[in-house]
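Since the structure is predicted, the reported quantities are computational estimates derived from the model, not experimental observations. Every number for a ligand or one of its atoms is a count from 1 in the order of the listing.
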Amino acid sequence: MLATSLLFLLRFHANMATSMASQAAARGLRAASFRHLFLDKVKCTTVSPRRWLNLQEYQSKKLMQESGVAVQRFYVADSASEALKAAKRLNAKEIVLKAQILAGGRGKGVFDSGLKGGVHLTKDPAVVGELAKKMLGFNLTTKQTPKDGVKVKTVMVAEALDISRETYFAILMDRSCNGPVMVGSPQGGMDIEEVAASTPELIFKEIIDIFEGVRDDQALRMAANLGFKGPLQRQAADQIKRLYDLFLKVDATQVEVNPLGETPEGQVVCFDAKINFDDNAEFRQKAVFAMDDMTESDPTEMEAAKWDLKYIGLDGNIACFVNGAGLAMATCDIIDLHGGKPANFLDLGGGVKERQVYEAFKLLTADPKCNGRDEAHMKTFVSSLQRNRLSYFIFMFMVTMETISCKCSQHIQD
Ligand SMILES: *[C@@H]1O[C@H](CO)[C@@H](O)[C@H](O)[C@H]1NC(C)=O
């Protein structure tokens, strides 16, 4: 029976391109080693134990600007009149106005003011003012936000630039190289995992010596591999070096520029960037971590993060209490497969302590979508388990196996 269950579980893991996994990914559950996918060809779904620091687009752009990276000229506004002023001050041929929220899919989002689209292009500064009026203070709903959306408090007013060619460039900490690596592709603007899967020969990699930094010949070779020609090659190489400066300066684990583009005027520009930061560097990156805006986060997820629990709220009514990210995903998927809906994704993690187990129970039982349980009862239950560590681990194992085997046998009977 056990062997069957395990086999079943493994099979599940093998094709985990499931609703649950992608839903969790969309909600910001980042696979820490996801990028290794195209470096090692080994898919590693390690889930970070903590909530990642996410910066708004304008904050990332500011950091890049400060390191001399070429970005579009922009201003930030929190009122319509400021947005209008900014648009006039830009004095650009074309202006792009972007609502600043952390969730993706802004372009296709809808405001509760009725305005469609969180990103707008216009040539007229007055239009920027009008649009900003329908953005600021209203909720923007995209496919990645909660269903009531997220309140927009800031807009970015930027110069719109034409892009004649898009490339992909990233610097990341890579475990298999024991240090930073540059990854680039002339095929930018699209999903890089897709490029890696269909045309791996278009992915280029340069290992960076952390003591030496990016050498000029490496930067130039990467620029050439990215397809920059003539004087643009030098420009791109300089951008690459500056991005590496930024990577070091802010203790990033990843700086991903997609696209790193070229304009018809012959400029190399970083159009969009995603920066991930090393949590361990929080103590010396106070200014960066102070930019963390928690207001967009789900309160339950915040509470869970406080206890280092990997928790993501979902829409269903079956609470999941699981140890191990893979098992948690498999459990959610099995529930899904049998027509149920998980109320959450919860991975207690390896070194879980009694208090965390208690807090996890509390979070789950407080969920109005699920049938509640007596909190005092849970506390007694958990501490009695804690008295005997072995029984605690057996309990964890049983909970997991129980869920899987009963679901599996049900499935097999079906
Ligand atoms: C707007 O979004 C906030 C979260 O940012 C939420 O608390 C609020 O209920 C939403 N308002 C409406 C009217 O949906």
shortest atom 5 (O) of ligand 1-to-protein heavy-atom contact is with Lys151 N, 3.3 Å
With sequence neighbours left out, the residues meeting side chain to side chain contact (heavy atoms under 4.5 Å, CB included) with Phe204 are Pro186, Met222, Asn225
for atom 3 (C) of ligand 1, nearest protein heavy atom and its distance come out as Asn139 ND2, 3.6 Å
Under 3.5 Å, which donor-acceptor pairs link side chains of residues 241-250 to any protein atom two or more places apart or in another chain?
residue: Lys241; atom: NZ; partner: Asp216; partner atom: OD1; Å: 2.7
residue: Arg242; atom: NH1; partner: Gly68; partner atom: O; Å: 2.9

In short, Asn139 meets Asp148 closest at the heavy-atom pair ND2-O, 2.8 Å
closest protein heavy atom to atom 13 (C) of ligand 1 is Asp112 OD2, 3.9 Å
Query raised in the report: Is atom 7 (O) of ligand 1 close to the protein, meaning a heavy atom under 4.0 Å from it?
Result: no
When distances are taken from atom 4 (C) of ligand 1, the protein heavy atom at minimum range is Gly149 O, 3.9 Å
Asp251 and Gln285 have their tightest heavy-atom pair at OD2-NE2, 2.8 Å
**Request:** Could you give me the CA-CA distance, side-chain angles and deciding distance for Glu82 and Tyr75, then say whether side-chain hydrogen bond (donor to acceptor under 3.5 Å, both in side chains) is met?
**Result:** CA-CA 9 Å; Glu82 256 181 64; Tyr75 293 105; over 6 Å; no
